[in-house]
Asker: 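One structure, pasted below without further comment.
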Amino acid sequence: MGCPVAQAAAPRAPAPELFTWEFAADPYPAYAWLRAHAPVHRTALPSGVEAWLVTRYPDARQALADVRLSKNPVHHSEAAHGKGKVGIPGERSANLMTHLLNIDPPDHTRLRRLVSKAFTPRRVAAFAPRVQELTDTLIAGFAERGEADLIHEFAFPLPIYAICDLLGVPREDQDDFRDWAGMMIRHGGGPRGGVARSVKKMRGYLAELIHRKRETLGDTPAPDEDLISGLIRASDHGEHLTENEVAAMAFILLFAGFETTVNLIGNGTYALLRNPAQRELLQKSIEAGDAELLATGVEELLRYDGPVELATWRFATCDLTLGGQRIAEGDPVLVVLAAADRDPARFAEPDVLDLTRRDNPHLGYGHGIHYCLGAPLARLEGQTALATLLTRLPDIRLAAEPDDLRWRGGLIMRGLRSLPVEFTPTRP
């Protein structure tokens with residue numbers, strides 16, 4: 001009797017190339033490879049910084065809440081954070097580091113508690129009519145043309161004007177904020193140093209605005225008091241936010257809050273246009289006055305192709321093991337939300353868009369103590385924008401081939417540069 005013939009092992013597919021333009025257009029096959037073969041993977045980023053990418057859902061969820069992974073860049077083993085290679089360019093020189101994305105407990109606990117006193121669900125809910133008004137006004141600006149670029153004419157201006165109104169930036173100054181925000185969202189597509197200059201200008205303006213509001217702040221808050229006034233007023237046992245903390249919080253709400261919503265609206269609309277059966281299901285639900293599918297649908301769009309591809313930077317404060325990999329003290333760790341939210345071990349048919357999905361604990365807004373404080377506002381804006389678009393422009397369709405669309409470069413966010421659409425012209 002002869003010996004059994006050994007079967008040759010199937011060759012493993014080569015590791016994918018990361019952070020190319022092709023990768024930006026569709027990173028999900030590469031993330032599937034990493035989940036299967038290198039779920040905690042050390043790689044060189046385009047900036048030259050080396051970091052660990054965490055791609056499986058359980059590892060990602062653990063990392064997001066792991067107290068050994070600090071948000072404070074002083075724990076980085078390299079000096080790269082001082083050169084703007086991690087974090088937001090210009091925030092250090094503009095004295096805007098003391099916000100929730102850069103600090104740990106106990107400072108984070110104190111700051112979040114104070115900010116939560118001002119940025120309440122009640123304040124966000126009361127803002128809903130203004131979000132609807134902005135949405136209607138923007139759509140009216142292009143509805144009669146029968147065509148539009150939904151990023152530049154809708155998804156971008158809606159959240160920047162909304163957050164300016166919420167913060168209390170006067171209407172006559174909001175176009176300046178739109179210009180500064182536009183520079184920051186380009187991710188290197190503008191002039192060299194443009195992001196840092198925009199951050200500096202925004203910081204100077206916020207300091208002046210906070211000073212003016214502090215001088216005119218009354219003893220009793222008005223029912224429609226703006227958020228900056230609320231941040232100035234917020235106190236806990238007599239302890240208030242400092243002026244630098246108010247400015248840093250207003251800045252991060254603008255910086256992080258508006259771009260995530262731009263991408264939620266842009267990516268979400270694009271996903272619906274690429275999945276006509278799901279889009280039709282949502283339209284019928286909206287027409288019937290059923291808000292339930294809209295709510296679950298926005299959560300599914302966040303999971304399927306969310307606005308934040310990688311969670312913001314974390315740094316190991318000691319040697320630790322994550323997903324079977326040894327991570328050294330000082331190493332940067334980036335949780336790949338886009339990969340974790342398509343992990344087949346957690347989500348059934350993860351590459352399928354299913355607006356009726358109920359079991360959907362996606363990580364699009366993070367997890368743990370750094371769970372996104374602005375999630376209620378983003379949900380409000382996303383639901384309002386998508387419902388109004390599908391109602392006002394019921395036959396909206398792509399006006400470009402998907403392969404011709406370009407995605408913005410950048411490490412953290414995921415969003416389209418433009419989204420050309422066509423529809424039957426309508427009158428306001």
Asker: Would a distance-only check, ignoring hydrogens and angles, find a side-chain to backbone donor-acceptor pair under 3.5 Å from Thr296 to Leu355?
Answerer: yes

Asker: Go through the structure and list residues passing side-chain contact (heavy atoms from CB on, under 4.5 Å) with Ser285, not counting sequence neighbours.
Answerer: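 Checked Ser285 against side-chain contact (heavy atoms from CB on, under 4.5 Å); matches are Asp290, Leu293.
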
Asker: Would you please say whether a donor-acceptor pair under 3.5 Å links the side chains of Arg279 and Gln283?
Answerer: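 Indeed, the side chains of Arg279 and Gln283 share at least one donor-acceptor pair under 3.5 Å.
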
Asker: Does this structure show an ion pair linking Arg42 with Asp331, if we count only N-O contacts that are shorter than 4.0 Å?
Answerer: yes

Asker: What's the verdict on side-chain contact (heavy atoms from CB on, under 4.5 Å) for Ile228 and Met249, showing C-alpha distance, side-chain angles and the deciding distance?
Answerer: CA-CA 9 Å; Ile228 286 181; Met249 281 310 306; over 6 Å; no

Asker: Do the rings of Trp313 and Phe315 sit parallel, tilted or perpendicular, given the 30° and 60° boundaries?
Answerer: parallel

Asker: Given 3.5 Å as the limit, does a donor-acceptor pair link the side chain of Lys213 with the main chain of Gly168, or not?
Answerer: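 Flag set: sc Lys213 to bb Gly168 pair under 3.5 Å.
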
Asker: Looking at residues at least two apart in the chain, or sitting in another chain, which of them share a side-chain contact (heavy atoms from CB on, under 4.5 Å) with Ala387?
Answerer: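 Expected list: Ile286, Leu294.
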
Asker: Compare every heavy atom of His370 with every heavy atom of Ile103, then report the nearest pair and how far apart it is.
Answerer: O-CE1, 3.4 Å

Asker: Can you confirm whether Asn263 sits close enough to Arg408 that some side-chain heavy atom of one is under 4.5 Å from a side-chain heavy atom of the other?
Answerer: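 Asn263 reaches Arg408 side chain to side chain.
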
Asker: Within a radius of less than 6.0 Å around CD of Glu349, do more than 12 heavy atoms belonging to other residues, nucleotides or ligands occur?
Answerer: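 Not more than 12 within 6.0 Å, no.
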
Asker: Can you tell if the side chain of Phe177 reaches within under 4.5 Å of the side chain of Ile163, non-hydrogen atoms only?
Answerer: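 No; the side chains remain at least 4.5 Å from each other.
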
Asker: Tell me whether Asn267 contacts the main-chain N or O of Asp305 through its side chain, where contact means a donor paired with an acceptor under 3.5 Å.
Answerer: yes

Asker: Taking NZ, NE, NH1 and NH2 as the nitrogens, is one of them in Arg358 or Glu292 under 4.0 Å from a carboxylate oxygen of the other?
Answerer: yes

Asker: Please report the closest heavy-atom contact between Pro105 and Thr109, naming both atoms and the distance.
Answerer: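 So the two residues come closest at CB-OG1, 3.6 Å.
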
Asker: Could you state the interatomic distance from CZ (Arg417) to CG (Asp149), rounded to the nearest 0.5 Å?
Answerer: 12.5 Å

Asker: Return yes if some donor-acceptor pair links the side-chain N/O of Arg68 with the main-chain N/O of Ala316 below 3.5 Å, else return no.
Answerer: no

Asker: Take Val67 and Ile369 through the side-chain contact (heavy atoms from CB on, under 4.5 Å) test and state the conclusion after the steps.
Answerer: CA-CA 10 Å; Val67 296; Ile369 64 169; over 6 Å; no

Asker: Minimum heavy-atom separation for Ile396 to Phe423, with atom names?
Answerer: CA-CB, 4.0 Å

Asker: For Glu280, is the CD atom crowded, meaning more than 12 foreign heavy atoms sit under 6.0 Å from it?
Answerer: no

Asker: Establish, for the pair Arg342 and Tyr304, whether the NZ or CZ atom is under 6.0 angstrom from the six-membered ring centre and no further than 45 degrees off its axis.
Answerer: yes

Asker: Taking the side chain as every heavy atom from C-beta outward, state whether Leu18 and Leu53 have any pair of such atoms under 4.5 Å apart.
Answerer: yes

Asker: Salt bridge or not between Arg314 and Asp66? Use side-chain N to carboxylate O under 4.0 Å.
Answerer: no

Asker: Once you round to the nearest 0.5 Å, how far does CZ of Phe127 lie from CG of Leu166?
Answerer: 5.0 Å

Asker: Go through it in stages, so that I can follow the logic: the residues are Leu301 and Leu353, the test is side-chain contact (heavy atoms from CB on, under 4.5 Å), and I'd like the CA-CA distance, side-chain angles, deciding distance and then a yes or no.
Answerer: CA-CA 7 Å; Leu301 292 169; Leu353 179 69; 3.8 Å; yes

Asker: Please determine whether a side-chain nitrogen of the Lys or Arg among Lys284 and Glu287 lies less than 4.0 Å from a carboxylate oxygen of the Asp or Glu.
Answerer: no

Asker: When rounded to the nearest 0.5 angstrom, what is the spacing between CG in Asp343 and OG1 in Thr55?
Answerer: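 One finds 8.0 Å between CG of Asp343 and OG1 of Thr55.
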
Asker: Can you find a heavy atom in the side chain of Lys71 that is under 4.5 Å from one in the side chain of Asn102?
Answerer: no

Asker: Any heavy-atom pair between the side chains of Pro420 and Leu405 that's under 4.5 Å?
Answerer: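 In contact.
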
Asker: Within this structure, what is the OG1-CG distance for the pair Thr317 and Asp104, rounded to the nearest 0.5 Å?
Answerer: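 Going from OG1 on Thr317 over to CG on Asp104, the span is 8.0 Å.
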
Asker: Is a salt bridge present between Arg346 and Asp341, judged by a nitrogen-to-oxygen distance below 4.0 Å?
Answerer: no

Asker: Between atom CG of Leu411 and atom CD of Glu309, what is the distance when rounded to the nearest 0.5 Å?
Answerer: 8.0 Å

Asker: Can Glu299 and Arg357 be counted as an ion pair, charged N to O under 4.0 angstrom?
Answerer: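 Salt bridge: no.
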
Asker: Dump the intermediate steps for salt bridge (Lys or Arg N to Asp or Glu O under 4.0 Å) on Asp136 and Arg392, then the final yes or no.
Answerer: CA-CA 9 Å; Asp136 291 336; Arg392 294 278 301 276; 3.7 Å; yes

Asker: Is there a side-chain contact between Leu393 and Thr388 in this structure, where contact means two heavy atoms from C-beta onward sitting under 4.5 Å apart?
Answerer: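 Side-chain contact under 4.5 Å: no.
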
Asker: Under 3.5 Å, is there a donor-acceptor pair linking the side chains of Asp26 and Tyr31?
Answerer: no

Asker: Which pair of heavy atoms, one from Pro157 and one from Ile151, lies closest together, and at what distance?
Answerer: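 Minimum heavy-atom contact is CD-O, 3.9 Å.
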
Asker: Evaluate the side-chain proximity of Leu253 to Val115: yes if any heavy-atom separation is below 4.5 Å, no if none is.
Answerer: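 Answer no - side chains too far apart.
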
Asker: What's the spacing between Ile265 CD1 and Leu158 CG if we round to 0.5 Å?
Answerer: 4.5 Å

Asker: Kindly give the heavy-atom pair with the smallest separation between Glu144 and Pro425, and that separation in Å.
Answerer: O-CB, 3.4 Å

Asker: Taking the cut-offs as 6.0 angstrom to the six-membered ring centre and 45 degrees off its axis, would you call Arg414 and Trp407 a cation-pi pair?
Answerer: yes

Asker: Would you say the ring centroid of Tyr205 lies under 6.0 angstrom from that of Phe251?
Answerer: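 No.
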
Asker: Give the minimum heavy-atom separation between Gln174 and Tyr161, together with the two atoms involved.
Answerer: OE1-CD2, 3.4 Å

Asker: Taking the side chain as everything from C-beta on, heavy atoms only, tell me whether Tyr57 gets closer than 4.5 Å to Pro361.
Answerer: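 Heavy-atom side-chain distance check passes, below 4.5 Å.
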
Asker: Check step by step if side-chain contact (heavy atoms from CB on, under 4.5 Å) holds for Arg303 and Glu300.
Answerer: CA-CA 5 Å; Arg303 182 203 68 81; Glu300 172 67 350; 2.9 Å; yes

